[in-house]
Amino acid sequence: MQLLSQFLKHQKTDEQLVDLIATLMVACKEIALQLREGELAGVLGTTSNTNVQGETQKKLDVIANDVLKKLLLDNPLVAGLASEEEDDPVPGNPDGRFLVTFDPLDGSSNIDINVSVGTIFSVLERTPGEDPALHATYLQNGRRQVAAGYVLYGPSAVLALTTGRGVNFFTLAHTGDFILTRENIKIPTQTREFAINMSNQRHWEPAMKSYVGDLLLGSDGPRGKNYNMRWIASMVAEVHRVLTRGGIFSYPWDAREPAKPGKLRLMYEGNPMSFLIEQADGIASTCYAPIMDVQPAEIHERVSVALGSREEVEILLSYHNTEK
Ligand code: AHG
Ligand code: MN
Ligand code: MN
């Protein structure tokens with residue numbers, strides 16, 4: 001039985017990074033506790049506020065954001081943070097080393113129906129001298145992440161973590177420790193499972209329509225095999241399934257808001273998930289380029305996402321590269 005802290009030490013992870021990850025896990029444990037109490041703690045339902053994304057904030061979006069913010073700002077290693085639920089970056093210790101970007105509660109439409117949600121985080125190193133109160137300080141591409149992960153609050157709470165040396169799962173025990181439960185995750189290269197919000201089909205690009213159309217034809221179509229579909233509406237849960245048994249997940253650009261490249265956010269969802277997926281030998285793409293190569297122009301920027309089993313994502317990309 002190996003604790004998260006022992007595992008990271010064993011991997012010779014930078015001690016300050018271990019310290020920061022420990023802080024993130026204290027926050028996630030607190031969020032897990034609040035979620036478990038649910039209605040008993042009066043934490044379900046919505047607030048009267050909307051966030052910078054124009055989405056109505058759930059009470060738990062705000063609670064999770066406040067828990068993470070407080071604990072991270074108490075850690076002197078944190079120079080600043082950017083959150084899906086904060087309009088602007090929040091500066092921390094002016095001498096701090098790390099910048100943390102996060103989606104405090106992903107899949108929050110699932111809260112009130114008691115279905116899985118998660119916390120997604122990404123850790124960057126501040127370029128010395130840059131001001132953590134400024135948006136520009138955070139605009140690093142995904143290749144510069146030093147750690148990323150999520151905690152899935154499902155039947156059990158599971159941390160998926162990468163520090164650039166593979167992906168490992170840790171399960172939250174009743175003792176409050178995260179314990180290594182699956183080591184060196186590798187995504188199967190092929191799959192028969194896809195996840196996409198089919199109700200948006202009419203808004204997609206022709207390439208995506210054509211790719212999914214061929215999946216739906218099953219063994220009668222060019223793919224020659226039958227596919228199954230899943231949609232949990234919680235990216236953390238979808239990515240956890242992909243990491244665990246393979247699959248392809250996409251939230252692509254669509255024509256409803258043509259100026260935005262999709263629904264998901266590059267710095268809070270796209271980049272951290274892409275780091276995990278690539279570290280597990282999968283592909284994470286905008287359908288035209290690796291997500292982690294996208295240079296962010298704005299902290300709340302959106303990105304088109306297609307990720308998962310290598311061979312399946314490559315086929316999806318081929319539909320985008322050739323006119324079909
Ligand atoms: P968030 O709750 O942080 O706003 O993110 C929700 C995201 C993502 O988790 C999920 O894949 C997607 O939105 C679900 O979208 P639909 O509502 O279109 O199903
Ligand atoms: Mn989210
Ligand atoms: Mn969220």
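Both ligands and their constituent atoms are indexed starting at 1 by order of listing. In what follows, residues are counted from 1 in the order of the sequence shown. Worth saying up front: this structure is predicted, and the values here are computed from it rather than measured. Note: hydrogens, waters and symmetry copies are ignored here, and every other heavy atom, side chains too, is used.
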Test item, [X] contacting ligand 1 (heavy atom, 4.0 angstrom):
| X | answer |
| --- | --- |
| Glu238 | no |
| Leu105 | yes |
| Val236 | no |
| Trp231 | yes |

Please name the pair of heavy atoms, one in Leu139 and one in Pro296, separated by the smallest distance, quoted to 0.1 Å. CB-O, 3.6 Å
Among all protein heavy atoms in this structure, tell me which lies nearest to [atom], with the distance rounded to 0.1 Å.
| atom | answer |
| --- | --- |
| atom 7 (C) of ligand 1 | Leu264 CD2, 3.8 Å |
| atom 5 (O) of ligand 1 | Asp106 OD1, 3.2 Å |
| atom 18 (O) of ligand 1 | Tyr251 OH, 2.5 Å |
| atom 4 (O) of ligand 1 | Arg265 NH2, 3.2 Å |
| atom 11 (O) of ligand 1 | Met235 N, 3.5 Å |
| atom 13 (O) of ligand 1 | Lys263 NZ, 3.1 Å |

Polar side chain donor-acceptor pair, [X] to [Y], under 3.5 angstrom:
| X | Y | answer |
| --- | --- | --- |
| Asn65 | Ser83 | yes |
| Asn51 | Glu85 | yes |
| Glu130 | Tyr138 | no |
| Ser309 | Thr191 | no |
| Gln53 | Tyr268 | no |

May I ask you to check whether Phe249 and Trp231 place their ring centers less than 6.0 Å from one another? yes
2.8 Å cut-off met by an N, O or S atom of [X] to the Mn ion (ligand 3):
| X | value |
| --- | --- |
| Glu84 | yes |
| Gly107 | no |
| Glu85 | no |

Pull out every atom of ligand 1 sitting under 4.0 Å from any heavy atom of Asn197, numbered as shown with elements. 16 (P), 18 (O), 19 (O)
Near Glu269 (heavy-atom distance under 4.0 Å), the atoms of ligand 1 are 3 (O), 5 (O)
Can you check the angle at the Mn ion (ligand 2) formed by OD1 of Asp106 and OE2 of Glu269? Round it to the nearest 10°. 110°
Could you walk me through whether Ile299 and Thr101 pass the side chain to side chain contact (heavy atoms under 4.5 Å, CB included) test, one step at a time? CA-CA 9 Å; Ile299 59 168; Thr101 72; over 6 Å; no
Side chain, backbone, both or neither: the part of [X] lying under 4.0 Å from ligand 1 by heavy atom:
| X | answer |
| --- | --- |
| Glu55 | side chain |
| Asp103 | side chain |
| Ala233 | both |

Output the atom name for the N/O/S atom of Asp103 with the smallest distance to the Mn ion (ligand 3). OD1
Should the pair Tyr150 and His240 be assigned to parallel (<30°), tilted (30 to 60°) or perpendicular (>60°) ring geometry? perpendicular
Check for me, please, whether Met273 and Phe121 land in the same ILVMFWY cluster - side-chain distances under 4.5 Å, paths through other members count. no
With a 4.5 Å cut-off on side-chain heavy-atom distances among I, L, V, M, F, W and Y, is there a chain of contacts connecting Val146 to Phe7? yes
Got more than 12 heavy atoms from elsewhere within 6.0 Å of CD, Gln295? yes
Within-4.5 Å side-chain heavy-atom neighbours: Phe98 and Leu17: yes
Tell me whether Gly107 has any N or O atom under 3.5 angstrom from an N or O of ligand 1. yes
